[in-house]
Amino acid sequence: MKDFLAISDYSSEEIQDMLDLAVKLKKEHFKKGNKKIFKGKVLGMIFQKPSLRTRISFDMAMRHCGGDALYLSPSEIGLGKRESIADVARVLSGYVEVLMARVFDHAHVVELAKWSEIPVINGLSDYNHPCQGMADALTVIEKFGNAKGLNVSYVGDGNNVTTSLMHVSAQLGWNFTVATPEGYDTNPKAIAIAENIAKKTGSKLTFLRDPHEAVKGAHVIYTDTWTSMGQEEETAKRELVFPPYQVNSQLVSEADKDVIVMHCLPAHRNHELTDEVADGPHSVIFPQAHNRLHAQKAILASLFGVA
Ligand code: CP
Ligand code: NVA
């Protein structure tokens, strides 16, 4: 496997190994700094959408391990517009050692990987956000250990982040419950893939409408923006549908007493997540954001075969 396009492309064991590696690289980072395992390697980062976490954490992951990163903005590359994706992939393959791409259409990152001679990492598409899913799993493991049977509940829009969280939960044998309003369900293809994985790992997947039912017994409550990048024209309509799915103190009080509250960020405060919860004792949103750095070092190291 040379690319990292989806958590479901890997076996449970491989995902577990990558997470173990992330734990090791994180320890090393805080102890005496990472070994220069990416020396001589450059990551090309193609962005068709804005980013804070993905851009900076990938850049710093490369630098901490002795490598470098190049930011390629939407206007510079014109992926599929100025030049075909196949040509961009083949040209960049001769300049850098690995590519990361954030795209609107998932088919575009798949196309990039098809033509590229170097590994391609999906830095978010309309289908999924696998690097986020790995950092999320690392955050859950740090809090609860990697116990099978943890209850992870997602409340809100069934989107790209939901897909990767569902896939990593299924891979690790965690129970995954989603509550979405009608018309905003999790991608059915992604659900079918998760169900196949869950058969092997014993994970239980549940799809509901009621957020209150979804958080009963939850060890993790997760939410994300009601309007993802590329859906901006739907914002007003979505703002009418989603308020019952807000993660607020009342909802958090209905979960397990040690529940952690997660959000991939950027958050729209007092929409999907109240200030009180985001800055309250159950929130892990900032350690979660910081874990992007460590999880991505593990993804890069695995693709380079250097750890
Ligand atoms: N969570 C996440 O991917 O953040 P950015 O969009 O800022 O990269
Ligand atoms: N679902 C969000 C995630 C942002 C990191 C989006 O796609 O905009």
Side-chain angles (χ1 to χ4, degrees), residues 4-7 22 43-62 69 71-74 99-109 121-140 154-168 178-181 183-187 190 220-235 237-239 241-242 245-247 261-269 271-273 278 283-297 299-300:
F4 190 76
L5 302 186
I7 288 171
L43 165 71
M45 304 191 291
I46 300 174
F47 280 95
Q48 293 193 306
K49 301 177 184 176
S51 169
L52 170 64
R53 281 144 291 271
T54 305
R55 176 179 175 178
I56 307 301
S57 57
F58 263 113
D59 192 333
M60 293 313 297
M62 289 302 293
Y71 171 71
L72 304 160
S73 73
L99 283 175
M100 190 274 299
R102 167 168 286 194
V103 297
F104 284 97
D105 183 346
H106 187 69
H108 291 174
V109 72
I121 299 170
N122 175 3
L124 179 147
S125 70
D126 59 348
Y127 171 66
N128 63 351
H129 195 0
C131 300
Q132 182 68 54
M134 294 299 281
D136 296 342
L138 176 61
T139 311
V140 173
Y154 179 95
V155 172
D157 183 29
N159 63 16
N160 45 7
V161 167
T162 326
T163 289
S164 291
L165 185 67
M166 172 172 68
H167 285 165
V168 82
V178 193
T180 51
Y184 299 92
D185 292 335
T186 314
N187 183 322
V220 176
I221 298 178
Y222 200 119
T223 192
D224 184 17
T225 182
W226 295 336
T227 305
S228 286
M229 291 180 276
Q231 300 172 332
E232 288 77 7
E233 75 288 354
E234 295 176 27
T235 305
K237 189 174 128 206
R238 287 169 174 264
E239 290 288 332
V241 174
F242 280 102
Y245 293 81
Q246 182 186 66
V247 175
V261 175
M262 302 180 70
H263 189 307
C264 61
L265 304 179
H268 302 79
R269 282 166 172 262
H271 291 250
E272 74 269 10
L273 181 67
S283 171
V284 295
I285 59 175
F286 297 114
Q288 177 188 358
H290 298 157
N291 276 338
R292 295 290 304 275
L293 177 68
H294 311 293
Q296 284 155 198
K297 281 180 190 168
I299 294 167
L300 288 160

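Just so you know, ligand 1 is whichever comes first in the structure, and atom 1 is the first atom listed for that ligand.
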Asker: If every non-hydrogen atom of Ala22 is compared with every non-hydrogen atom of His294, which pair is closest and at what distance?
Answerer: CB-O, 3.8 Å
Asker: For Ile121, run the side-chain contact (heavy atoms from CB on, under 4.5 Å) check against Leu300, Leu5, Val109 and tell me which one passes.
Answerer: Leu300
Asker: If you count the atoms of ligand 1 from 1 in the order shown, which ones are under 4.0 Å from a heavy atom of Ser51?
Answerer: 5 (P), 6 (O), 7 (O), 8 (O)
Asker: Could you find the nearest protein heavy atom to atom 4 (O) of ligand 1 and give me its residue, atom name and distance?
Answerer: Arg53 NE, 2.8 Å
Asker: So if I count the atoms of ligand 2 from 1 in the order they appear, which ones are less than 4.0 Å from some heavy atom of Asn159?
Answerer: 1 (N)
Asker: Is the shortest N/O to N/O distance between Asn160 and ligand 2 below 3.5 Å?
Answerer: yes
Asker: Just to be sure I'm reading this right: ignoring hydrogens, which of Ser228, Ser51, Ala267 gets closest to atom 2 (C) of ligand 2? Compare them by their nearest heavy atoms.
Answerer: Ser228
Asker: Between ligand 1 and Arg55, is the shortest N or O to N or O distance under 3.5 Å?
Answerer: no
Asker: I'd like to know if the side chain of Ser164 pairs up with that of Gln132 as donor and acceptor (distance under 3.5 Å, no hydrogens or angles considered).
Answerer: no
Asker: Distance to 0.1 Å, residue and atom name: give those for the protein heavy atom nearest to atom 7 (O) of ligand 1.
Answerer: Leu52 N, 2.6 Å
Asker: Is a side-chain donor or acceptor of Glu272 paired with a backbone partner of Ala267 at a separation under 3.5 angstrom?
Answerer: no
Asker: For Asp224, counting its heavy atoms only, list the atoms of ligand 2 lying under 4.0 Å from any of them.
Answerer: 1 (N), 2 (C), 3 (C)
Asker: Is it true that Arg292 lies under 4.0 Å from ligand 1, counting heavy atoms only?
Answerer: yes
Asker: Mind checking whether Leu124 contacts ligand 2 via backbone (N, CA, C, O), side chain (CB onward), both or neither, at a 4.0 Å heavy-atom cut-off?
Answerer: side chain
Asker: Quick test: of every protein heavy atom, which one is nearest to atom 6 (O) of ligand 1, and how far off is it to 0.1 Å?
Answerer: Arg102 NH1, 2.7 Å
Asker: So, Asn160 versus Thr163: side-chain donor-acceptor pair below 3.5 Å or not?
Answerer: no
Asker: Ignoring hydrogens, what is the shortest heavy-atom contact between Leu293 and Ala61? Give both atom names and the distance.
Answerer: CD1-N, 3.5 Å
Asker: Just say parallel, tilted or perpendicular for the rings of Trp226 and Phe242, cut-offs at 30° and 60°.
Answerer: parallel
Asker: Quick one: does any side-chain atom of Thr162 pair with a main-chain N or O of Asp157 as donor and acceptor, under 3.5 Å?
Answerer: yes
Asker: Say whether His129, considering both its backbone and side-chain N or O atoms, lies within less than 3.5 Å of an N or O atom on ligand 2.
Answerer: no
Asker: Under a 4.0 angstrom heavy-atom cut-off, which atoms of ligand 1 come close to Cys264?
Answerer: 1 (N)
Asker: Would you say Met229 has any N or O atom under 3.5 Å from an N or O of ligand 2, going by distance alone?
Answerer: yes
Asker: Return the OH to CE distance between Tyr154 and Met166, rounded to the nearest 0.5 Å.
Answerer: 11.0 Å
Asker: Quiz question: by atom type and distance under 3.5 Å, do the side chains of His268 and Thr225 form a donor-acceptor pair?
Answerer: yes
Asker: Heavy-atom contact under 4.0 Å between Leu265 and ligand 1?
Answerer: yes
Asker: Considering heavy atoms of the protein only, find what lies nearest to atom 3 (O) of ligand 1 and give residue, atom and distance to 0.1 Å.
Answerer: His129 NE2, 2.8 Å
Asker: So is Leu265 close enough to ligand 2, meaning a heavy atom under 4.0 angstrom away?
Answerer: yes
Asker: Under a 3.5 Å distance rule, please check whether Thr223 uses its side chain to pair with a backbone N or O of Val155 as donor and acceptor.
Answerer: yes
